[in-house]
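Working notes, structure below.
Every chain is numbered from 1 and lettered A, B, ... according to where its sequence line falls, protein lines coming before strand lines.
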Amino acid sequence: MMFAAAMAAILTSMAMLLVRAVQGPTVFDRILSVNAFGTKTVLLIAVLGFLTGRPAFLDLALVYALMNFISTIAVLKFTRVGSLAGGQQLPADAQALQGSEAPPETQVAES
Amino acid sequence: MAAILDLSSWICLVAGSFFALVSSLAVLRLPDYYSRIHGAGITDTMGAGLILLGLALQAGISLVTAKLALVLIFLVLTGPTASHALAKAAYRLGLDPVLNSEKDKASSSR
Amino acid sequence: MVDVGLYNYWAVIVLMMTGLYVVIARSNLVKKLIGLNVFQVAVIMFYISIGKVDTGTAPILEEGIEAYSNPVPHVLMLTAIVVGVATIALALALVVRLYGAYGTIEEDEIAEMDAAEEL
Amino acid sequence: MNGGVIDTGLIDMILLAFLVAITWAIVRLRDLFGAVMLTGIFSLISACLFMVMDAVDVAFTEAAVGAGISTVLMLRTLALTKGRSEPHHNRLELGPLLLVVVIGAILIYGTFDMPRYGDPQAPVHTEMAARFIEQSGEEIGIPNIVTSVLGSYRGYDTFGETTVVFTAAIGVFLLLGVPRRGRRAGDALRNDIVLRISAKALIPLIMVFALYVQFHGDYGPGGGFQAGVIWAAAIVLYTLVFGLARAEKIFRRRPLELLVAGGVLLYGAVGVVTMALGGNFLDYDYLASDPVAGQHYGILLIELGVGITVAAVMVALFFLFVRRRQV
């Protein structure tokens, strides 16, 4: 019963994070929501194991925690320097801040 | 004894669920990015900690509890690091916090 | 008991078709690949839905458990996911090379350039 | 621990509704970066769904692959192509929409002949699967039926899949392998001491965990595919935090290329050895005097081969994408 309540709470909070991820407005809000969503997923897996009576599959929760961390770091590295491993600051980075409502950019041309 | 364990585990689960909800509500409703990071951090500490503790109390001393502890250690290591990196990256790229008054704005100039 | 009935299949078909729509209608190559990814996960989900058994649990043998879900779709889809990421990586590499050659990843702009070259 | 299987149908429906909502947002969003982020959430939710549908091994793989590696590769491609948002407006295209609606309607019409979700009497469950569930415990001797089927009953198939992964890696090598001249800039996260210290603590933990997943795959969820990706993820993290130059000093190009092929070769070699011992290709019964022990050895070896190839391919792919400089 308590597991079901915890599950309901986790699902509700997932829904709220989903709204934040879709709304943005800045790209960082999306990254933050994805990261928080990953933590919620870890909790969901853990609770689900107990809910279904086979709690032995917690290895999965560990993988989620780990992958969530790595993708967050990768995303941050991407937004900060415009690449994943080394590279110079791109002028396009400023546009990352404006979110999806920004007017379409025109700097697709070769450089 | 079993009843006490059960009761405390339920309390932990309910409290953890509450904190998880509050954290998500904070991410959804708080006005600017930096305060939302603060909200998201609640899940990593109180939310995950209490829920995993509650589950561990249900499982008793077993391999499952060891795995739960491992998950918790992992979350405790990665959560704050990710939050720190999130805040730092946004600050470096020039995302300004929403501040209350003109005075705050003046004092925060970089 | 909540009877899911055929809802699972319908939701999966909606996902599949949304992915297909993105692949057909969008001209940005990365967006197309995102659509393809959605389509792929939907197909995988379809197979896994077929494998579910009401009272069953994960197909890992344990004392005292009688019903297990069907392991065959799991095996097929497990390998499909890894192969899927390998092929997506190949497609992304092609996108990178196309950008090197044309300076854009918009399909219609690439087509225009090709047409201009042929004249 | 209170036993008793609880119906998870409601959780399944809620998660599917989340998935439909997030897909709709992906279609609407013009910001490509945001779309990739939403794809990350999409992958997390779908992995939860796999878990709800009892497919623990699949959820494991999707978590490692979908949320980790493919997101990273997509982001890197966006960085390389300077793609931020789609230039066109997101109006609904009527032609494709019509096509999709028609195909979808036909498919939905087709589902009415299908057994309902979770029906234990459905034809898929009564023939082959029933035999695997009943016999694999005695024939193969390991608890994880998925690993038994993957490694032994359908060993040819898995060999094929491993070869496909290998071939895809060759393709990417051909497309991106040519080194490009350009200036090597400093690594931005080098000064971030918090990140560096926690990465130092995490990376060995991740690698040990990958080994556990590799060799515990017979008894629980896991196996070569998952372990390979997790191992690669540790190296991805190292590269992200300490920079490509340092990572390439440790994981040199030549040994990495040898490992990409080596895993597939190990898999094939097991097959050849069983033939030499008098059995069929990949017939592990002949690997030891006791057939069950032989099966166990065989699965351990081919899982190792899969793990080596997948790990090496993922690391090589990541390096190729990162090494490529901005045009």
Side-chain angles (χ1 to χ4, degrees), chain A residues 3-4 7 11 14-15 17-18 21-22 24 27 30-31 33-34 37-38 41 44-45 48 50-53 55-57 59-60 62-64 66-71 73-88 90 92 95-96 99-100 102 104-108 110-111, chain D residues 1-6 8 11 14 18 21-22 25 29-31 33-34 37-38 40-41 44 47-48 51-52 56 59-60 63-64 67-68 71-72 75-76 79 82 84-87 184-189 195 202 206 209 213 220-222 230 233 236-237 239-241 243-244 322 326-327:
Chain A
F3 297 137
M7 181 61 88
L11 283 172
M14 272 180 156
L17 289 176
L18 217 59
V22 172
V27 74
R30 293 208 169 96
I31 304 171
S33 326
V34 174
F37 203 93
T41 314
L44 187 138
I45 299 289
L48 189 68
F50 282 83
L51 195 63
T52 53
F57 306 131
D59 309 358
L60 269 124
L62 211 53
V63 178
Y64 281 70
L66 151 74
M67 282 302 167
N68 190 31
F69 178 66
I70 290 178
S71 56
I73 299 300
V75 173
L76 290 178
K77 190 129 191 188
F78 172 76
T79 32
R80 183 183 291 181
V81 292
S83 83
L84 280 172
Q88 62 281 39
L90 283 178
Q95 269 152 353
S100 57
E105 68 215 74
T106 47
Q107 50 105 41
V108 206
E110 64 277 82
S111 56
Chain D
M1 281 293 173
N2 49 4
V5 179
I6 292 174
T8 50
I11 305 172
I14 294 171
F18 283 180
I22 204 95
L29 203 61
R30 244 183 30 244
D31 176 23
F33 195 96
M37 292 284 79
L38 293 185
I41 293 192
L44 283 173
C48 286
M51 189 75 193
V52 170
V56 272
F60 215 132
T71 312
V72 170
L75 288 172
R76 180 61 191 163
K82 303 200 171 89
R84 285 281 171 180
S85 62
E86 298 171 87
R184 188 178 286 261
D187 297 311
L189 290 186
L195 202 53
L202 281 172
I206 298 170
F209 180 62
V213 172
I230 294 170
V236 168
L237 181 60
T239 315
L240 288 173
V241 176
L244 183 64
V322 172
Q326 255 118 6
V327 188

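For L18(A), the part lying near chain D is the side chain, with the backbone staying farther off; criterion is any non-hydrogen pair under 4.5 Å. Interface residue V52(D): backbone and side-chain heavy atoms are both found under 4.5 Å from chain A. If you measure heavy-atom distances from V56(D) to chain A, the contacts under 4.5 Å come from both the backbone and the side chain. A15(A) touches chain D through backbone and side chain together, each having a heavy atom under 4.5 Å away.
Taken from OG1 in T41(A) to CE in M51(D), the straight-line distance is 12.0 Å, to the nearest 0.5 Å. Separating the OG1 atom in T71(D) from the CG atom in N68(A) is a distance of 10.5 Å, to the nearest 0.5 Å. Rounding to the nearest 0.5 Å places CD1 of I206(D) at 4.5 Å from CD1 of I70(A). L38(D) CG to F37(A) CZ: the interatomic distance, rounded to the nearest 0.5 Å, is 10.5 Å. Note that CZ of F60(D) is 10.5 Å distant from CD1 of I45(A), once rounded to the nearest 0.5 Å.
Smallest separation of non-hydrogen atoms from M67(A) and A233(D): CE-CB, 3.3 Å. Residues L44(D) and V34(A) share a closest heavy-atom pair of CD1-O, 4.2 Å. When every heavy atom of A63(D) is checked against every heavy atom of V63(A), the shortest pair comes out as CB-CG1, 4.2 Å. In terms of heavy-atom proximity, Y64(A) sits nearest to C48(D) at OH-N, 4.0 Å. L60(A) approaches P221(D) most closely through the heavy-atom pair CD1-CG, 4.4 Å.
For the set L17(A), D59(A), L66(A), L48(A), the count of heavy-atom pairs under 4.5 angstrom toward chain D peaks at D59(A). The residue among A59(D), G222(D), G40(D) with the most heavy atom pairs within less than 4.5 Å of chain A is A59(D).
In this structure, L29(D) and R30(A) have side chains that are in contact, with non-hydrogen atoms separated by less than 4.5 Å.
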